[in-house]
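Each remark here refers to the structure printed beneath this line.
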Amino acid sequence: MRPLPGAPGVAAAAALLLLLLPRARSDEHEHTYQDKEEVVLWMNTVGPYHNRQETYKYFSLPFCVGSKKSISHYHETLGEALQGVELEFSGLDIKFKDDVMPGTYCEIDLDKEKRDAFVYAIKNHYWYQMYIDDLPIWGIVGEADENGEDYYLWTYKKLEIGFNGNRIVDVNLTSEGKVKLVPNTKIQMSYSVKWKKSDVKFEDRFDKYLDPSFFQHRIHWFSIFNSFMMVIFLVGLVSMILMRTLRKDYARYSKEEEMDDMDRDLGDEYGWKQVHGDVFRPSSHPLIFSSLIGSGCQIFAVSLIVIIVAMIEDLYTERGSMLSTAIFVYAATSPVNGYFGGSLYARQGGRRWIKQMFIGAFLIPAMVCGTAFFINFIAIYYHASRAIPFGTMVAVCCICFFVILPLNLVGTILGRNLSGQPNFPCRVNAVPRPIPEKKWFMEPAVIVCLGGILPFGSIFIEMYFIFTSFWAYKIYYVYGFMMLVLVILCIVTVCVTIVCTYFLLNAEDYRWQWTSFLSAASTAIYVYMYSFYYYFFKTKMYGLFQTSFYFGYMAVFSTALGIMCGKYFLLKPDKPEFHHWDPI
């Protein structure tokens, strides 16, 4: 039989997507052990405490390795590779339920160069991360005396491992054996392992890493309640204003319809009825506009699905699983981008639909990859573990070209054919209507700047918790709160854009599409401004690498959030109430 056309491409796409999913292996990947079975202690990274993303390979410091034979490790998921996980075998001999008495496992020949490396690490508060059975362990490299003249290295790792049946449920590390760093001396590194029975269930073994007192603090609950009350107030206010105002407008327009032509000509006509022949005019730059709307719809779909998955599954228990899930969902939801972007572009009379499809498909990936590529140069210069391997870059590019682009094409074709025909209730004037002068606070630029204040006000407390979990050492797990905040953000943004659009049309300015989009997207400006406040007043980050990493990816996050908020203009009726009357 001849292979079907495109079968190799489909197989390649499927293989790439499988990279995003964890692979099943025996031992630590099944999390079950037999007595005396080997338990691997992986050394991950080391780096400054205040710069969470500035990490290096553990053995970039002159630590020594145990005598046990080395075991190679590969990146199991794409998310693990992108997050800079660099697992290296410690060389320590650890067996399940087999205690190890204190003993030396290697010796460091401390010359001046090695001492300087340890001193630099201690001065910058370096600490390291290890893994046993996917459970993270943290330890400090060393400490200085009160005068800052002498420096000491912790040389003894005391491991206490809790087990429940044939599973590991708890790991604790105690650093002891403080040794002064003196050049041209030998430092012996030692360890011990103590196994103890534990009542902790395997499903609950990550609970010790969570911080309920932080994430479930009364301030968090109060912020959600406060945002919810603001939503009720805002929805009621918008409904009351629009119902009363539109009723008054309809009454005035109906009265004008009963006038004769002379009275109508002498009347003082104003308001949104005057722009009924221009309000459905295509937006300026429809190709970019429709691409942004399609990308916003896809980001919203990804956010919603990932939050739901995180609420069902504890994604924080697997390294890189959150990022892998986000990439997989983003690739799978590409038809959403093509459908909404392609249909909107077709309704606006666009003819270069292939170009629009390419821009829509690669708008977000190009922004993310461009930022990552820039930061990657700095990471390579620093020899940091965050430097993305070349193979991972190739895999991401293949996903974009062989998964995202074809699925986006499918969505674009469906959108153009199913909802690509304009269905406006009135004709569009051949000649654009002149836009009259209006008060300064009715200008689109002012409306755009003010539009993002309320959406930002509804989410900024949650932004603090999200930032703390990503830029500090907290594990975010309250995804129910995040879902509530996402719903609140949707409602607030829709209300704000409805009001902004009404004010603009009432000022007889029909350029509402971009104003509606940008008034919601301006939320990103306030989020990015808040990130500056968070950086300078809530963290102790320093250095070129960490600063560029922080502000680079905060710019990506803020832009993506702005595009997602801007797409809410689709949730409003794209046919304002002009269909209640017949234009002449």
Quick one: do the Q298 and N337 side chains pair a donor with an acceptor below 3.5 Å?
-> yes

Say whether T55 and S385, considering side chains only, have a donor N or O and an acceptor N or O under 3.5 Å apart.
-> yes

Backbone N or O of [Y] within a donor-acceptor pair of the [X] side chain at under 3.5 Å?
X    : Y    : result
Q546 : Q53  : yes
T155 : G177 : yes
T392 : I388 : no
S334 : A331 : yes

Heavy-atom count around [X] [atom1] within 6.0 Å, excluding the residue itself: above 12?
X    : atom1 : answer
W221 : CH2   : no
F377 : CZ    : no
D199 : CG    : no
E176 : CD    : yes
F460 : CZ    : no
F202 : CZ    : yes
K208 : NZ    : yes
E107 : CD    : yes

[X] versus [Y]: any side-chain heavy-atom pair under 4.5 Å?
X    : Y    : value
M463 : V527 : yes
E318 : T77  : no
L489 : C565 : yes
Y131 : L87  : yes
I168 : V39  : yes
L92  : V193 : no
P102 : Y191 : no
Y316 : L210 : yes

Please work out which of the three classes, parallel, tilted or perpendicular, describes the rings of [Y] and [X], given edges at 30° and 60°.
X    : Y    : result
F214 : Y464 : tilted
F89  : W42  : perpendicular
Y528 : F532 : perpendicular
F63  : Y128 : perpendicular
Y479 : Y476 : perpendicular
F551 : F536 : tilted
F545 : Y382 : tilted

With a distance cut-off below 6.0 Å to the six-membered ring centre and an angular limit of 45° from the axis, does R167 pair with Y33 as a cation-pi contact?
->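 No.
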
Six-ring centre of F467, K538 cation under 6.0 angstrom, axis tolerance 45° = no

Is a salt bridge present between [X] and [Y], judged by a nitrogen-to-oxygen distance below 4.0 Å?
X    : Y    : value
D111 : R115 : no
D134 : R319 : yes
K178 : E143 : yes
D93  : K95  : yes

For [X] against [Y], the heavy-atom pair lying closest together:
X    : Y    : answer
L78  : A395 : CD1-CB, 4.3 Å
Y126 : V46  : CD2-CG2, 3.9 Å
V141 : L153 : O-CD1, 3.3 Å
C490 : F300 : SG-CE1, 3.5 Å
Q83  : G320 : OE1-CA, 3.3 Å
A361 : N408 : CA-ND2, 3.6 Å

Is the distance between the ring centroids of [Y] and [X] under 6.0 Å?
X    : Y    : result
W195 : F96  : yes
F118 : Y151 : no
H383 : Y56  : no
Y473 : Y49  : yes
Y542 : H50  : no
Y526 : Y530 : no

Kindly indicate, with the supporting measurements, whether the criterion side chain to side chain donor-acceptor pair (under 3.5 Å) is fulfilled by N172 and E160.
-> CA-CA 5 Å; N172 291 295; E160 292 185 358; 5.0 Å; no

For side chain to side chain donor-acceptor pair (under 3.5 Å), just list the numbers for Y58 and S90, CA-CA rounded to whole Å, side-chain angles, deciding distance to a tenth of an Å, and then say yes or no.
-> CA-CA 10 Å; Y58 176 82; S90 62; over 6 Å; no

Would F215 and H220 satisfy ring pair (Phe, Tyr, Trp, His ring centres under 6.0 Å), going step by step from the backbone distance to the final call?
-> CA-CA 7 Å; F215 286 103; H220 203 171; 7.0 Å; no

Rounded at 0.5 Å granularity, tell me how far [atom1] in [X] sits from [atom2] in [Y].
X    : Y    : atom1 : atom2 : answer
F163 : I161 : CZ    : CD1   : 10.5 Å
D207 : D170 : CG    : CG    : 11.0 Å
M554 : M529 : CE    : CE    : 13.0 Å
I307 : M482 : CD1   : CE    : 5.5 Å

Check K196, K158, K194 against D99 for a salt bridge (Lys or Arg N to Asp or Glu O under 4.0 Å) and give me the one that passes.
-> K194

Evaluate side chain to side chain donor-acceptor pair (under 3.5 Å) for Y156 paired with S192, printing each intermediate quantity in order.
-> CA-CA 8 Å; Y156 175 43; S192 67; 2.5 Å; yes

Going through the distances and angles, do Y534 and T468 end up as a side chain to side chain donor-acceptor pair (under 3.5 Å)?
-> CA-CA 9 Å; Y534 186 86; T468 303; 3.1 Å; yes

Tell me, with the steps shown, if C106 and C64 meet disulfide (SG to SG under 2.5 Å).
-> CA-CA 6 Å; C106 69; C64 54; 1.7 Å; yes

Identify the residue among L486, V302, T523 that makes a side-chain contact (heavy atoms from CB on, under 4.5 Å) with M564.
-> L486

